[in-house]
Amino acid sequence: MNQFRELFSCLTPCFNCVEGSSFDNVPYPRFNASYQPTVRLDVGRMGKNVVILKEGERICGIGGAIATVPIVQNKAYFQVTVQQTGIWGIGLGQKQSPLDKIPCTEKFWGIRDNGDIAKEDQLIAKMKKTVEEGDVVGVTYDHVELKFYVNGKEVEEVITGVRGPVYPMVYVDDSAILDLKFKNFTEAPPPGFGEILVEQTIL
């Protein structure tokens, strides 16, 4: 009997990833190819132990992933909700980012679960208040400054010197679950910023 309990205990994070902390309150549409968002997490560019769900808008498991398109417009915004805490990172990365290395310290610019604001392997600042479970993190990038917003409030520290082309990037470990939104945001983008556009749309 104890062996069965241990088995189900190990599987709990997997069930949480599929269901999430808001499973009872959020409608989950059935998969439909026409429903897929244009911008989403790329299942072709993710860590080998990563699980991507909700049609490319939820990440769990162990490792990182980047989005399907780079940020080419002048002012782009995307949003991440910490559905379940653990080890995680939110920011920008490249195709060459090591998606199986946690925490990622190469070709990653962003914030971490412990409040670190990182520029690759450099710790450039510490957030005054760490992001908690249920918080919404907004990310803006204008090819000069990378900024973060927690529940709509701007984080004072910014990251500069990001080398492109770059993609939205997230990573998780230790049972963390992150939900991403590339449109239909719950927190309005700052003035002048908008959802990430594919290159054809910009042209």
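Counting begins at 1 with the first residue of the sequence.
Side-chain contact between Phe185 and Glu195 is present, with heavy atoms from C-beta onward closer than 4.5 Å. Looking only at side-chain heavy atoms (C-beta outward), Lys183 and Val39 stay at 4.5 Å or farther from each other. Considering only heavy atoms from C-beta on, Glu156 comes within 4.5 Å of Lys128 through its side chain. Side-chain contact between Val50 and Ile62: absent, with no pair of heavy atoms (C-beta onward) separated by less than 4.5 Å. Contact annotation: the side chain of Val150 approaches that of Val155 to within less than 4.5 Å [non-hydrogen atoms, C-beta and beyond]. Residues Lys147 and Pro190 have side chains not in contact (no heavy-atom distance under 4.5 Å, counting atoms from C-beta outward). Within the 4.5 Å cutoff, side-chain heavy atoms of Phe78 are placed close to those of Leu92. By the 4.5 Å heavy-atom criterion applied to side chains, Pro168 and Ile71 are counted as neighbours.
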Original post:
Are Gln73 and Phe193 close enough, and set up right, to give a side-chain contact (heavy atoms from CB on, under 4.5 Å), and what steps lead you there?
Top reply: CA-CA 10 Å; Gln73 73 209 73; Phe193 288 86; over 6 Å; no
Original post:
Stepwise, does the side-chain contact (heavy atoms from CB on, under 4.5 Å) test hold for Asp179 with Glu57?
Top reply: CA-CA 6 Å; Asp179 280 359; Glu57 294 188 343; over 6 Å; no
Original post:
Thr38 and Val69: side-chain contact (heavy atoms from CB on, under 4.5 Å), yes or no, with the steps?
Top reply: CA-CA 9 Å; Thr38 302; Val69 299; 5.6 Å; no
**OP:** Carefully, step by step, assess Lys75 and Asp142 under the rule salt bridge (charged side-chain N to carboxylate O under 4.0 Å, His left out).
**Re:** CA-CA 4 Å; Lys75 294 186 175 183; Asp142 62 3; 6.0 Å; no
Original post:
Taking it one step at a time, do Lys119 and Trp109 satisfy side-chain contact (heavy atoms from CB on, under 4.5 Å)?
Top reply: CA-CA 5 Å; Lys119 182 179 180 179; Trp109 300 264; 3.5 Å; yes
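No donor-acceptor pair under 3.5 Å is formed between the side chain of Gln96 and the backbone N or O of Glu106. At least one donor-acceptor pair under 3.5 Å links the side chain of Gln79 to the backbone N or O of Glu187.
Transitive grouping of hydrophobic side chains (ILVMFWY, heavy atoms separated by less than 4.5 Å) keeps Ile124 and Met169 in distinct clusters. Cluster annotation: Val80 is connected to Val162 through the hydrophobic network of ILVMFWY side chains, with a link wherever side-chain heavy atoms come within less than 4.5 Å. Under a hydrophobic-cluster definition in which Ile, Leu, Val, Met, Phe, Trp and Tyr are linked whenever side-chain heavy atoms come within less than 4.5 Å, directly or via other members, Tyr77 and Val131 are assigned to different clusters. Under the 4.5 Å side-chain contact rule for hydrophobic residues, Val43 and Ile66 do not share a cluster. Ile102 and Phe108 fall within a single hydrophobic cluster, where Ile, Leu, Val, Met, Phe, Trp and Tyr side chains are chained together by heavy-atom contacts under 4.5 Å.
Residue Asp135 is tested with Asn151, Thr81, Thr130 for a side chain to side chain donor-acceptor pair (under 3.5 Å); the sole match is Asn151.
Distance CH2/Trp88 to CD1/Ile111: 4.5 Å, rounded to 0.5 Å. The CG atom of Asp116 sits 10.5 Å away from atom CE of Met127, with the distance rounded to the nearest 0.5 Å. Note that NZ of Lys54 and CD1 of Ile177 are 10.5 Å apart. Values are rounded to the nearest 0.5 Å. Residue Thr85 holds its OG1 atom at 8.5 Å from CD of Glu132, rounded to the nearest 0.5 Å. Here the straight-line distance linking atom CG of Leu53 with atom CG of Leu41 works out to 10.5 Å at 0.5 Å rounding. Summarising the geometry, atom OH belonging to Tyr171 is positioned 11.5 Å from atom OG belonging to Ser97; distances are rounded to the nearest 0.5 Å.
Between Glu120 and Arg163 there is a salt bridge, with a side-chain nitrogen of the basic residue lying less than 4.0 Å from a carboxylate oxygen of the acidic one. Salt-bridge formation is not detected for the pair Arg40/Glu55: no Lys NZ or Arg NE/NH1/NH2 atom is positioned less than 4.0 Å from an Asp or Glu carboxylate oxygen.
The two residues Ile52 and Ala65 come nearest to each other via the heavy atoms CD1-CB, 4.0 Å. In plain terms, the two heavy atoms of Ala67 and Phe182 that are nearest each other are CB-CZ, 4.3 Å.
Within a 6.0 Å sphere centred on NZ of Lys126, other residues, nucleotides and ligands contribute more than 12 heavy atoms.
Judged purely by distance below 3.5 Å, without hydrogens or angles, the side chains of Gln84 and Ser175 never pair a donor atom with an acceptor atom.
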